[in-house]
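Data block below; observations after.
Chain identifiers are assigned alphabetically (A, B, ...) following the order of the sequence lines, protein sequences preceding nucleic acid strands; residue numbering begins at 1 within each chain.
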There are 2 protein chains.
Amino acid sequence: MAEKPTLAEKVFSELTIAIERGELPPGTKLSEQMLVERFGGSRAPMREAIQKLEARNLVARIPHAGARVVSLSLDELKDIYEVRLELEGMACRLAALRMSDTEIAELQGLLQAHAASIAAEQGQSYYQSAGDLDFHYRIIKGSQNSRLHQMLCGDLYHIVRMYRYQTSTGHKRPGQALQEHQRIVEAIANRDAELAELLMRRHIQASLTNLETLLAAQEGRA
Amino acid sequence: MAEKPTLAEKVFSELTIAIERGELPPGTKLSEQMLVERFGGSRAPMREAIQKLEARNLVARIPHAGARVVSLSLDELKDIYEVRLELEGMACRLAALRMSDTEIAELQGLLQAHAASIAAEQGQSYYQSAGDLDFHYRIIKGSQNSRLHQMLCGDLYHIVRMYRYQTSTGHKRPGQALQEHQRIVEAIANRDAELAELLMRRHIQASLTNLETLLAAQEGRA
DNA sequence: GGCCATGTTTTTGTCTACAATCTGGCGAAA
DNA sequence: TTTCGCCAGATTGTAGACAAAAACATGGCC
């Protein structure tokens, strides 16, 4: 059951986490030699790990010139959020139509737990990261579209997480985000697909606006 | 200007074409040794080519067990089209808002050329492949969203092309497809984003329906 | 003083060899 | 006869060395 992962996979997942956490800031060069020194082994698995990162758009590779952690311009970030807005709105609409009653009940339970942890004042950090992502993840899964799931969770979310960590954002007021989440689940429970989509789009739009102001402020300080 | 591509890239692009054309049918095993015999060189570049194919979802790799050309179930194909419907509808809406007048004029010119080639009875095969794809490509580019462009052209279209070649489809009646294209461009020229999106969605929906009937027929014969 | 040519150094691309893992078939025991 | 385990072959994962390309520094020239 231990499922022995290959070295390339281990390096890949460790680097993924490191990049998301900002331990390897955008623009950092990833030379193969450097990875060998850090993880051990030979260059072959390191190359493979870098290629996997490239496939997820976490690094950009230039032939004969190595790989660097992606550094997104504000415009590119907006493009990504624009796509995310569309796809996750779609996921929410489909989830309203396709989720089982059991799944919806679980989602409601999740929000209650979130509400409790916020009321206990410990929600600040918890809700930002794990809670919010778990909520979105369940809805995406509820869409029951494997490709949609792959695109959102496989590609876009890594980038989103990366910029969240770096700006240490998430919604500034977890209370408001929770309220939005509750309305969304309400719409899903009522099988109101169009409303669910609309609410999700607004929710993500708010998230983007929030991220933009933080980035602008960060820019100002720099 | 000759831009010396690496061996891995050459193998990758040749394999991409071969898979799209159905020369390597779904399920075909791609062993590294086999690629060495076919393309020359050593195993390392072949591995890299296979990984690039995996990144584009053209092959599926299982650790220690090799890579096979993807074989999609009908459900998976529907999922892909569902996503394409959404994203390309979005692209069309954005294109209506963002394309320059010049680009729109070029698009209109393209359709006139198509109309002429169809009238000359040579459109049958031409319009199916290059013409249709060119039309969609320009609209996607017109959305001016780089990530959207990458997702549609980089990932989804290879799969779509692959299944088109295999079923030798495209729209059964190029005349009708052209008419739909003309209406879409009309809406874009009027900057009517919502109508443009709606028409594009219908256009792709029709394309999926068409593909489904062809696959069903193919299934029946097999 | 600034700019271009050039040689050195580093890094990537490729090759060959070896180790680990999977696949398929044979034979022995129930 | 069926099923389990084991052995042989093939295939993938990894290692280390060589070749080619790029980045960098140095020195000469304008």
Just the atom pairs and distances: protein N or O near nucleotides 19-24 of chain D's N or O, under 3.5 Å.
{"from": "D:dA21", "atom 1": "OP1", "to": "B:K4", "atom 2": "NZ", "distance (Å)": "2.1"}

Residues in contact with DNA chain C, drawn from residues 31-38 of chain A - heavy-atom cutoff 4.0 Å: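 A:S31, A:E32, in order of number.
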Can a salt bridge be assigned to the pair [X] and [Y] using a cut-off of 4.0 Å between side-chain N and carboxylate O?
X: A:E106; Y: A:R138; value: yes
X: A:R47; Y: B:E48; value: yes
X: A:R61; Y: B:E9; value: no
X: A:D132; Y: A:R164; value: yes
X: A:R93; Y: B:E86; value: yes

Between P of C:dA19 and CG of A:L7, the distance in whole Å: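 Rounded to the whole Å, the gap is 17 Å.
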Whole-Å distance separating the CD1 atom of B:I62 from the P atom of D:dG13: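 After rounding, the reported distance stands at 11 Å.
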Close residues, residues 45-53 of chain A, relative to DNA chain D [heavy-atom separation under 4.0 Å]: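 Hits under 4.0 Å, by residue number: A:P45.
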Nearest-nucleotide comparison on DNA chain D, the residue closer to the 5′ end among A:G40 and B:A67: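 In this pair, the answer is B:A67.
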Minimum-distance pair of heavy atoms, taken over all atoms of A:Y81 and A:I204: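 Heavy atoms only, the tightest pair is CD2-CG2, 4.1 Å.
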Distance test, side-chain N/O of A:S42 to OP1/OP2 of D:dT14, below 4.0 Å: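 A:S42 to D:dT14 OP1/OP2: no side-chain N or O under 4.0 Å.
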Backbone N/O of B:D79 and side chain of A:N145: donor-acceptor pair under 3.5 Å: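 Yes.
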Option passing side-chain contact (heavy atoms from CB on, under 4.5 Å) with B:Y157 (candidates B:M162, B:E20, B:E88, B:R56):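 Going through B:M162, B:E20, B:E88, B:R56 one by one, the side-chain contact (heavy atoms from CB on, under 4.5 Å) with B:Y157 is satisfied by B:E88 alone.
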Worked check of side-chain contact (heavy atoms from CB on, under 4.5 Å) between A:M46 and A:V11: CA-CA 7 Å; A:M46 306 301 135; A:V11 172; 3.9 Å; yes
Nucleotide nearest B:R43 (side chain, heavy atoms from C-beta), chosen from C:dC18, D:dA15, C:dT14: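 For B:R43, the side-chain atoms sit closest to C:dC18.
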Test side-chain contact (heavy atoms from CB on, under 4.5 Å) applied to A:L208 and A:Q205, step by step: CA-CA 5 Å; A:L208 172 59; A:Q205 181 66 53; 4.2 Å; yes
Mutual orientation of the aromatic rings belonging to B:F135 and B:H181 [parallel < 30°, tilted 30-60°, perpendicular > 60°]: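 Plane angle under 30°, so parallel.
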